[in-house]
Chemist: 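Here's a structure for you.
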Amino acid sequence: MDDSTRRLLQRLIRRIPTQMLKTTLDKWGRLTVAQRQSVDFTQSKWALTEKLLAICEENEWTAKHITELEMIYVTENPNQGMWYALQLMDPEDDAHSVELTQFKEQFKSHLRELVNHVSLKIKKHTDEAIWIRIAWGDSFSRPNHLKPTYVVHHLQTPYVFVTSLTSKHKPLLSQALVLSTRYHGIKDANLSGRKLTAIRDLLMRQYQQVFPTKYPSPLAEKNEPVSNPHIEREQAGHVANRLQMACEAFGDGMLPQLQSAVYKLETKFRDHANKTMTEREEPFRCVVKFASTNLLESLRHCASSGIASTPVTPLLSSIPLKGRNYFVITDNGPGPSSQINPPKN
């Protein structure tokens, strides 16, 4: 076992929580019964690492075997790191018929034409998603397994999710994806987050949505304590209406756990009391960020409880409507990255 493989295994064992290590190794299936029984999982992480390194030396495992173990852990625990969504554009007529074997062959072929040294591992997960692990190299260096890129794609959808992708490698990955999926282009979806499942569910509309009707009937409030019956009767119409509009804007039931939304402001400064700023030709630039452990749930609660006004402003309702959490607001209306017209003063 060379030094790079040793470092890869050391880093991976330190990364996997001790309580998950045994299950992950069992799914890997490369340890013999005797070797599994010889590992004491009550030991310290350092002792466990040394023991597994010794077994690795004994079995003559290579980087290929260690990356299998890493991929098992990452696919079972996807909500780590920062994930970015991409969207494929302009499908060809046969894009819907691309199947797994064809995609794998085409993707490997196209990427290896673009990069001299690259290590690829492609696996279909239980939820039908295709997971791709890419260790990048170049003309003069071998693939760096310590800094891999992970790509997740559901066939027959235009969405791709990536993590740990550098600006240097992004054009190479984009070209290989476009060619192997039978599309004509790919763009940023302006959606990112630390929970892969959240941004996937938001883009694919895999949560309970509420659509307005011509004659809407207010949704029933859940777990609402009754304080004073007279006050409740008086406020019932307003409360139900706020809840209806909040659910129409953000959805009902469990919502994708999106953790942030960013608004980049590039508009004229408007304040008659401040002529210095108002008369500037350059736009006023600032960034506003909303953050929460579950941003959509927080916004829905603010609207339904009356903390925020209803109907919900498009500045916020555009997050689930457009499946994005990054917006650029300009005076001239939506540009290439803009999605919302600025509010008028």
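Values in this document were obtained by computation on a predicted structure and should not be read as measured data.
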Chemist: Check step by step if side chain to side chain contact (heavy atoms under 4.5 Å, CB included) holds for Glu57 and Arg6.
Modeler: CA-CA 9 Å; Glu57 293 277 10; Arg6 187 180 182 87; 3.6 Å; yes
Chemist: Count I, L, V, M, F, W, Y as connected when their side-chain heavy atoms are under 4.5 Å apart, and connections chain through other members. Are Val288 and Leu316 then in the same cluster?
Modeler: yes
Chemist: Write down the atom of Val98, the atom of Ser180, and the distance for their closest heavy-atom approach.
Modeler: CG1-O, 3.8 Å
Chemist: Just to verify, which of Val162, Asn190, Val160 counts as forming a side chain to side chain contact (heavy atoms under 4.5 Å, CB included) with Tyr84?
Modeler: Val162
Chemist: Looking only at heavy atoms, what is the nearest atom pair of Pro256 and Ala198, with distance?
Modeler: CB-O, 3.4 Å
Chemist: Honestly curious: do Leu100 and Ile132 fall in one hydrophobic cluster under the side-chain, below-4.5 Å linking rule?
Modeler: yes
Chemist: Is the backbone N or O of Tyr159 less than 3.5 Å from a side-chain atom of His153, with the two atoms forming a donor-acceptor pair by type?
Modeler: yes
Chemist: Would you compute the distance between atom CD1 of Ile134 and atom OG of Ser164 and round it to the nearest 0.5 angstrom?
Modeler: 11.0 Å
Chemist: Going by atom type alone, with no hydrogens or angles, which donor-acceptor pairs under 3.5 Å involve a side-chain atom of residues 8-18 and a protein atom two or more places apart or on another chain?
Modeler:
| residue | atom | partner | partner atom | Å |
| --- | --- | --- | --- | --- |
| Arg11 | NH1 | Leu146 | O | 3.2 |

Chemist: Would the distance check show the side chain of Thr49 and the main-chain N or O of Lys45 forming a donor-acceptor pair, the cut-off being under 3.5 Å?
Modeler: yes
Chemist: Does a side-chain heavy-atom distance below 4.5 Å link Leu191 with Lys322?
Modeler: no
Chemist: Any heavy-atom pair between the side chains of Ser260 and Asn325 that's under 4.5 Å?
Modeler: yes
Chemist: Over all heavy atoms of both residues, which pair between Gln102 and Ser97 is shortest? Give the atoms and the distance, please.
Modeler: OE1-O, 4.2 Å
Chemist: Check this for me: Met20, atom CE, are more than 12 non-hydrogen atoms of other residues, nucleotides or ligands nearer than 6.0 Å?
Modeler: yes
Chemist: Please give me the minimum heavy-atom distance between Ile72 and Thr75, naming the atom from each residue.
Modeler: O-OG1, 3.1 Å
Chemist: With sequence neighbours excluded, tell me which residues meet salt bridge (charged side-chain N to carboxylate O under 4.0 Å, His left out) with Arg112.
Modeler: none
Chemist: If you define the side chain from C-beta out and look only at heavy atoms, does anything of Leu69 sit under 4.5 Å from Arg30?
Modeler: no
Chemist: Which is it for Phe327 and Ile319 under the side chain to side chain contact (heavy atoms under 4.5 Å, CB included) test, yes or no, and what are the steps along the way?
Modeler: CA-CA 9 Å; Phe327 301 93; Ile319 299 172; 4.0 Å; yes
Chemist: Main chain of Thr197, side chain of Asn79: is a donor-acceptor contact present, judged purely on distance under 3.5 Å?
Modeler: yes
Chemist: Between Trp131 and Pro78, is there a side-chain heavy-atom distance shorter than 4.5 Å?
Modeler: yes
Chemist: When you compare the side chains of Asn59 and Gln35, does any donor N or O come within less than 3.5 Å of an acceptor on the partner?
Modeler: yes
Chemist: Are side-chain heavy atoms of Leu299 and Val312 found at a separation under 4.5 Å?
Modeler: no
Chemist: Once you round to the nearest 0.5 Å, how far does CD of Glu92 lie from OH of Tyr183?
Modeler: 10.5 Å
Chemist: Indicate the atoms forming the closest heavy-atom contact of Asp40 with Leu48, along with that distance.
Modeler: O-CD2, 3.2 Å
Chemist: About how many Å separate OH of Tyr150 and CG of Leu165, when rounded to the nearest 0.5 Å?
Modeler: 14.0 Å
Chemist: How about Arg36: does its CZ atom have over 12 heavy atoms from other parts shown lying under 6.0 Å from it?
Modeler: yes
Chemist: Does a side-chain heavy-atom distance below 4.5 Å link Pro158 with Met89?
Modeler: no
Chemist: Just wondering, do Trp136 and Thr166 contact through their side chains at under 4.5 Å, heavy atoms?
Modeler: no
Chemist: Check ring-ring contact (aromatic ring centres under 6.0 Å, His included) between Phe290 and all other residues, then give those that pass, not counting sequence neighbours.
Modeler: Tyr263
Chemist: I'd like to know if Leu86 and Leu111 are part of one continuous hydrophobic network [Ile/Leu/Val/Met/Phe/Trp/Tyr, side-chain heavy atoms within less than 4.5 Å].
Modeler: yes
Chemist: Do any N or O atoms from the side chain of Ser318 and from the backbone of Leu315 form a donor-acceptor pair under 3.5 angstrom?
Modeler: no
Chemist: Please list, chain by chain and in numerical order, all residues satisfying ring-ring contact (aromatic ring centres under 6.0 Å, His included) with Phe41, sequence neighbours excluded.
Modeler: none
Chemist: For residues Val39 and Ile55, determine if any side-chain heavy atom of one lies less than 4.5 Å from a side-chain heavy atom of the other.
Modeler: yes
Chemist: Distance-only, no hydrogens or angles: does the Ser109 side chain make a donor-acceptor pair with backbone N or O of Gln106 under 3.5 Å?
Modeler: no
Chemist: In a table with atom names and distances, give each donor-acceptor pair under 3.5 Å that connects a side chain of residues 117-125 to protein atoms at least two apart or in another chain.
Modeler:
| residue | atom | partner | partner atom | Å |
| --- | --- | --- | --- | --- |
| His117 | ND1 | Asp138 | O | 2.6 |
| Lys124 | NZ | Glu128 | OE1 | 2.9 |

Chemist: Look at the side-chain heavy atoms of Ile, Leu, Val, Met, Phe, Trp and Tyr, link any pair under 4.5 Å apart, and say whether Met254 and Leu258 land in one connected group.
Modeler: no
Chemist: Would you give the length of the straight line joining atom CD1 of Ile199 to atom CE of Met204, rounded to the nearest 0.5 angstrom?
Modeler: 10.0 Å
Chemist: Is Asp3 salt-bridged to Arg7, going by a charged N under 4.0 Å from an acidic O?
Modeler: no
Chemist: Do side-chain atoms of Arg133 reach the backbone of Glu68 as a donor and acceptor pair under 3.5 angstrom?
Modeler: no
Chemist: Going hydrophobic residue to hydrophobic residue with side-chain gaps under 4.5 angstrom, can you get from Leu155 over to Val152?
Modeler: no
Chemist: Would you give the length of the straight line joining atom OG1 of Thr5 to atom CD1 of Ile66, rounded to the nearest 0.5 angstrom?
Modeler: 7.0 Å
Chemist: Please find the pair of heavy atoms, one from Arg242 and one from Thr310, that lie closest to each other, and give the distance.
Modeler: CG-OG1, 3.9 Å
Chemist: Ring-plane angle category for Trp61 and His65, please: parallel below 30°, perpendicular beyond 60°, tilted otherwise.
Modeler: tilted
Chemist: Evaluate whether atom NZ of Lys289 has more than 12 neighbouring non-hydrogen atoms of other residues, nucleotides or ligands under 6.0 angstrom away.
Modeler: no
Chemist: When rounded to the nearest 0.5 angstrom, what distance separates NE2 in His154 from CD in Gln156?
Modeler: 11.5 Å
Chemist: Checking Ile130 against Phe107 for the side chain to side chain contact (heavy atoms under 4.5 Å, CB included) test, could you report, in this order, the C-alpha distance in whole Å, the side-chain angles of both residues, the deciding distance, and whether it holds?
Modeler: CA-CA 12 Å; Ile130 298 173; Phe107 184 82; over 6 Å; no
Chemist: Thr23 and Asp26: side-chain donor and acceptor closer than 3.5 Å?
Modeler: no
Chemist: Hey, are Asp201 and Lys195 close enough for a salt bridge, meaning a charged N less than 4.0 Å from a carboxylate O?
Modeler: no
Chemist: Excluding sequence neighbours, so at least two apart, what forms salt bridge (charged side-chain N to carboxylate O under 4.0 Å, His left out) with Lys64?
Modeler: none
Chemist: Using a 3.5 Å distance criterion without hydrogens, assess whether the side chain of Thr163 forms a donor-acceptor pair with backbone atoms of Met82.
Modeler: yes
Chemist: Please check if the number of heavy atoms outside Asp94 that lie under 6.0 Å from its CG is greater than 12.
Modeler: yes
Chemist: Near Glu60 CD, under 6.0 Å, is it more than 12 heavy atoms from other residues, nucleotides or ligands?
Modeler: no
